[in-house]
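Step one of this worksheet: look at the structure below.
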Amino acid sequence: MAGAAMTTTFLAVIGGASLLAVTARRLHPGDRLPSLEGWALADRGLGAGWTWLLLGGTVYTAYTFTAVPGLAYGNGASAFFAVPYTVIVCPLAFVLLSRLWEVARRHGYITAADFVRGRYGSPPLALVVALTGILATMPYLALQLLGIRAVLTAGGLYPPGAAGDLAMVAVFAGLAVATYRHGLRAPTVIAALKAVAVFVSLTAVCWLVLDRFGGPGAVFDGAARALGGTDPAHSPLVLTPGQQPAYATLALGSALALLMYPHVLTAGFAADGTRTLRKVSAGLPAWTALLALFGLLGIAALAAGVRAPAGGAEAAVPMLVDRLMPGPLAGLVFGSIVVGALVPAAVMSIAAATSFVRNVYVEYVHPTATPKRQVRVAKAVSLTAKLGAVAFVFGLRDQDAINLQLLGGVWILQVFPAVAVGLYTRWLHPRALLAGWAVGMAAGTYLVVREGFSSIVPLVAGSPEIYAGVAALVLNLAVAAAATPVLARLGVPRGPDATDLPSRPRAGRRPPTGANNA
């Protein structure tokens, strides 16, 4: 009976998401000609509430909600780097996203590569920014499916063999159809259900956990014993001095990288103004608190004696939920996490498709493509990206997707100089930025692969471990800064700047006012 009740609740949540996706057409502002801006950015018309739901639902993925507690379950304190990392994201989004939105809205830019193309007048630099974004996004998209499968398997909702695969494809198919028809509006309305379901279900789980163990102190004591720590001063739940450089650089590097991902910028560009983005940035810590509570559940899984399968620590929290909660509530939690995967998966596929159309197809294949044709191609590419993620999950090992996603975080960080630094100064030469990007990509990939696909690496034997992405970014910036004066002395020309931004920061100058504040 409990299994039937759980399945019923789970299907009700998924069915609710499908019904909401159908209502996405109501977000259309009226009859307009088809355009990529309308399909991919909802005509830049989302208010503060919708933007908060969409941006939060995009940044905080379902895999994050299983991987962070899984890391806490397996490694203890180091897992909580995700909390300061997402805290750092908020002021960065407040500053960077709002400024980038202003420029993008004024010039009709839809992707970060559009901005780079306009700022530096360099098609090759814009191309590598677009391709890096697509390359980093695809394994991230596949991880959303892995998160769905881990949750369904732990809850006994994933039948063995082809039946389970077909069930997951069916869950994903409804999203694919809605996204194909309505673009970004589909995940926007689903994000509302995600927020309500996740906040309600997590509150219920945490209340049950704390009631079961007698408070947070008992939870942490039990987890410390499970990890083999008997001395409070040397508990696995407390960072050691040797772990602190890795913890700090991973939090900083992850925050810088997150805002360079195409799906995060797509969600931000859909806002109706800079004031909206600033309000939303100030409200994102509510999602961070949610993530911290999920990390706490990983600690609780240790204290409860949950035995996750080898190499499958992300299943620890679903197994804890299945053990502690009655069937209907467990179904609500599992449904919430699955819906939580659908929102970022949809936005990722839209962002990847938009980057391809704007910065590859139109730039190099069909420069005279009409807006209607661009939308048609973007829809096809978005659908192909989802099918590719499904094939990736079924055709390769889970660890392959995880390894590529780790590399993706290092790779996407290498576009930070061209995009974020370019918002404030054009001093760096585009060819120097290309050289820095190439060196950063090669160095970051080498460091991660050298350590057996670990993103935490020592630069040399015996040195403290740090995040490979930060090390590669420092090298990237150093090469770009060193090459710029050399290229200037050689007289290598720059492309024109079409962004109306100052070439160098000017003291006392205020940034231009957004269109919504005029």
Taking all heavy atoms of R44 and all of G108, pick out the closest pair and write down the distance. NH2-C, 3.7 Å

Once salt bridge (Lys or Arg N to Asp or Glu O under 4.0 Å) is applied, what residue pairs with a partner in residues 468-480 remain, sequence neighbours excluded? none

Would you call the rings of H263 and Y261 parallel, tilted or perpendicular if under 30° counts as parallel and over 60° as perpendicular? tilted

Stacked cation flag R373 on Y361, 6.0 angstrom / 45 deg: no

With sequence neighbours left out, write down each residue that passes side chain to side chain contact (heavy atoms under 4.5 Å, CB included) with L475, or none if nothing qualifies. V439, A443

With sequence neighbours left out, which residue pairs that include part of residues 347-358 fulfil the side-chain hydrogen bond (donor to acceptor under 3.5 Å, both in side chains) condition? D114-R358, S349-S382, S349-K386

Taking the basic N atoms (NZ, or NE/NH1/NH2) and the acidic carboxylate oxygens, is any pair closer than 4.0 Å for R105 and D272? no

Can you list the residues that meet the side chain to side chain donor-acceptor pair (under 3.5 Å) rule with T288, with sequence neighbours excluded? Y60, T86

Centroid-centroid distance, W101 to F115, less than 6.0 Å: no

For atom CZ of F199, decide whether the heavy atoms of other residues, nucleotides or ligands shown that lie under 6.0 angstrom number more than 12. yes

For S454, the side chain to side chain contact (heavy atoms under 4.5 Å, CB included) test, sequence neighbours excluded, returns E451, I456

Residues at least two apart in sequence or cross-chain that pass ring-ring contact (aromatic ring centres under 6.0 Å, His included) with Y109, listed by chain then number, are H107

